[in-house]
2 protein chains.
Amino acid sequence: MRISTRGEYGLRAMFYLALKHGQGPIPLKTIAEEQGISEHYLEQLMGALRRSGLVSSVRGAQGGYSLSRPPKEITVGDIIRVLEGPITPMDCLDGAGKEAECGFLGPCAMRRMWKRLQDSMESVLDSTTLACLAEEALFFEEEHA
Amino acid sequence: MRISTRGEYGLRAMFYLALKHGQGPIPLKTIAEEQGISEHYLEQLMGALRRSGLVSSVRGAQGGYSLSRPPKEITVGDIIRVLEGPITPMDCLDGAGKEAECGFLGPCAMRRMWKRLQDSMESVLDSTTLACLAEEALFFEEEHA
DNA sequence: GGTAATTCCCATTGATTTAGTCGGGATTGA
DNA sequence: TCAATCCCGACTAAATCAATGGGAATTACC
């Protein structure tokens, strides 16, 4: 039940981009250094985020990555789904016909429990936006100042 | 964010034992056949569950496994923690001093988000007992009859 | 007491995933 | 042009997953 470094690093990178939103493209190198992440590894993650449309990139000198939507329109769930796949504790909940496998479609009590778990996970991840995170970080920074 | 087969199989086995609770020890072979799980693999899981005190075992002929507490006193969370480790999306939430690692103890907005996720997961898993699952299964079986 | 049933324990293995690394090619601003 | 940057595919070492295999210890039953 762990998020891997893909999700963790990817979210941290996106959080950083949210803080810099509106300041033009940020080079990968800056993000990686600032967040203490291997540059090459982060590159792979940013590639996935770009292909999914969450960030856009500009090549060449002065290039870099930026959010393709405002921070309040990007949820943590969006990011995690791109980097970690569907948010589900059990494959049988992931649509795509896989549910037939267990042979207890109707009366599978465990499946209903897993579904409740999935719903509770998605409700947290889909209700938290990058803007939420940035705001929260700012609030607690002030409080500790 | 997936439960592995350890948690899945282990829960299924425990659910089966809950249905048979009070009928004496159930041999591993029966559980494995009934639930379609590799006997040898399930053996390892039952070993862990025994060492954690959730089931007790009787060796020799007529032996087997049984729940060491009534089904309503065993939660899904109990089982998952034994077989999958602590329920947490991120290591830094798992006490034991690991939290210092990220260097953002106070103002880490992401950490607070992960904590909310963890809480929501634990609240589902810790509030569902084997008795709940058994009851639910019975209810839906009737409904579909 | 013998035997079959059964748990218990340790080691091994093949496949997959994770968390990177490496090297180079394409694009663009100055 | 050239330096900064993104882009892409291949490779790898380590860990984890999902078992498999072999055999020792225990016990009910005849």
Side-chain angles (χ1 to χ4, degrees), chain A residues 1-13 17 20 23-68 80 83-86 89-91 101, chain B residues 1-13 17 20 24-68 80 82-86 89-91 101:
Chain A
M1 299 302 290
R2 304 287 160 86
I3 291 279
S4 74
T5 56
R6 286 177 64 86
E8 186 193 347
Y9 294 173
L11 177 60
R12 298 224 312 255
L17 287 183
K20 306 287 178 183
Q23 305 183 16
I26 312 285
L28 181 72
K29 194 176 180 187
T30 306
I31 310 177
E33 273 170 6
E34 211 68 26
Q35 293 286 325
I37 301 172
S38 147
E39 205 177 320
H40 252 314
Y41 185 40
L42 183 56
E43 194 180 20
Q44 292 176 44
L45 310 182
M46 294 310 291
L49 291 166
R50 177 181 46 82
R51 283 185 291 277
S52 79
L54 292 180
V55 300
S56 23
S57 59
V58 178
R59 299 173 77 162
Q62 286 2 75
Y65 294 92
S66 53
L67 300 182
S68 33
I80 296 299
L83 296 171
E84 305 258 345
M90 197 60 67
D91 277 339
E101 285 172 21
Chain B
M1 296 303 289
R2 304 287 160 83
I3 290 280
S4 74
T5 56
R6 286 178 63 87
E8 184 193 347
Y9 293 174
L11 177 61
R12 298 221 316 253
L17 286 182
K20 304 289 180 185
I26 313 285
L28 183 72
K29 194 177 181 185
T30 307
I31 310 176
E33 273 170 5
E34 211 69 24
Q35 293 286 326
I37 301 173
S38 148
E39 206 177 320
H40 233 8
Y41 186 40
L42 184 56
E43 192 182 18
Q44 295 177 44
L45 311 182
M46 295 311 289
L49 292 166
R50 176 180 48 80
R51 283 185 292 277
S52 79
L54 292 179
V55 301
S56 23
S57 60
V58 178
R59 299 174 76 161
Q62 288 357 80
Y65 293 91
S66 53
L67 300 183
S68 34
I80 296 300
V82 168
L83 296 170
E84 305 258 346
M90 197 60 64
D91 277 339
E101 286 171 24

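Numbers restart at 1 for each chain; the letters A, B, ... are given by sequence-line order, proteins then strands.
Here the shortest heavy-atom pairing between A:Ala13 and A:Met46 reads CB-SD, 4.1 Å. Residues A:Val55 and A:Ser68 share a closest heavy-atom pair of N-OG, 3.3 Å. Closest non-hydrogen pair, B:Leu17 versus B:Tyr65, comes out as CD2-O, 3.5 Å. For the residue pair B:Gln62 and B:Pro25, the shortest heavy atom distance occurs at O-CG, 3.7 Å. The nearest pair of heavy atoms linking B:Glu39 to B:Leu28 is O-CD2, 3.5 Å. Nearest heavy-atom pair across B:Arg2 and A:Asp91 is NH1-OD1, 2.7 Å.
Across all strands, A:Arg2 comes closer than 4.0 Å to no nucleic acid atom at all (heavy-atom distances). Backbone-only engagement by B:Gly64 is indicated by non-hydrogen atom pairs under 4.0 Å involving sugar-phosphate atoms exclusively.
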Practice prompt. Could you please spell out the steps behind the side chain to side chain contact (heavy atoms under 4.5 Å, CB included) verdict for A:Ile31 and A:Leu42?
Written response: CA-CA 9 Å; A:Ile31 310 177; A:Leu42 183 56; 3.9 Å; yes
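With rounding to the nearest 0.5 Å, the separation of CD in A:Glu33 from NZ in A:Lys29 is 5.5 Å.
Of the residues in residues 52-60 of chain B, those lying under 4.0 Å from DNA chain C by heavy-atom distance are B:Ser57, B:Val58, B:Arg59, B:Gly60.
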Discussion item. Across nucleotides 16-21 of chain D, 5' to 3', mark each nucleotide with B, S or - according to how protein heavy atoms within less than 4.0 Å reach it.
Written reply: --BBBB
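Across the protein-nucleic acid pair, A:Met46 atom CE and D:dT5 atom P stand 14 Å apart, rounded to whole Å.
Nearest-nucleotide positions on DNA chain C for B:Ala61 and B:Tyr65 put B:Ala61 closer to the 5' end. Where B:Gly63 and A:Gln62 meet DNA chain C, the nucleotide closest to each residue was compared, and B:Gly63 sits on the side nearer the 5' end.
Counting only distance, with no hydrogens or angles, the side chain of A:Glu84 and the backbone of A:Ser4 share a donor-acceptor pair below 3.5 Å. Counting only distance, with no hydrogens or angles, the side chain of A:Arg6 and the backbone of A:Leu83 share a donor-acceptor pair below 3.5 Å.
Scanning DNA chain C 5' to 3' for nucleotides with an atom closer than 4.0 angstrom to a non-hydrogen atom of chain B gives a first and last hit of C:dA5 to C:dC9.
A donor-acceptor pair shorter than 3.5 Å can be found between the side chains of B:Thr5 and B:Tyr41.
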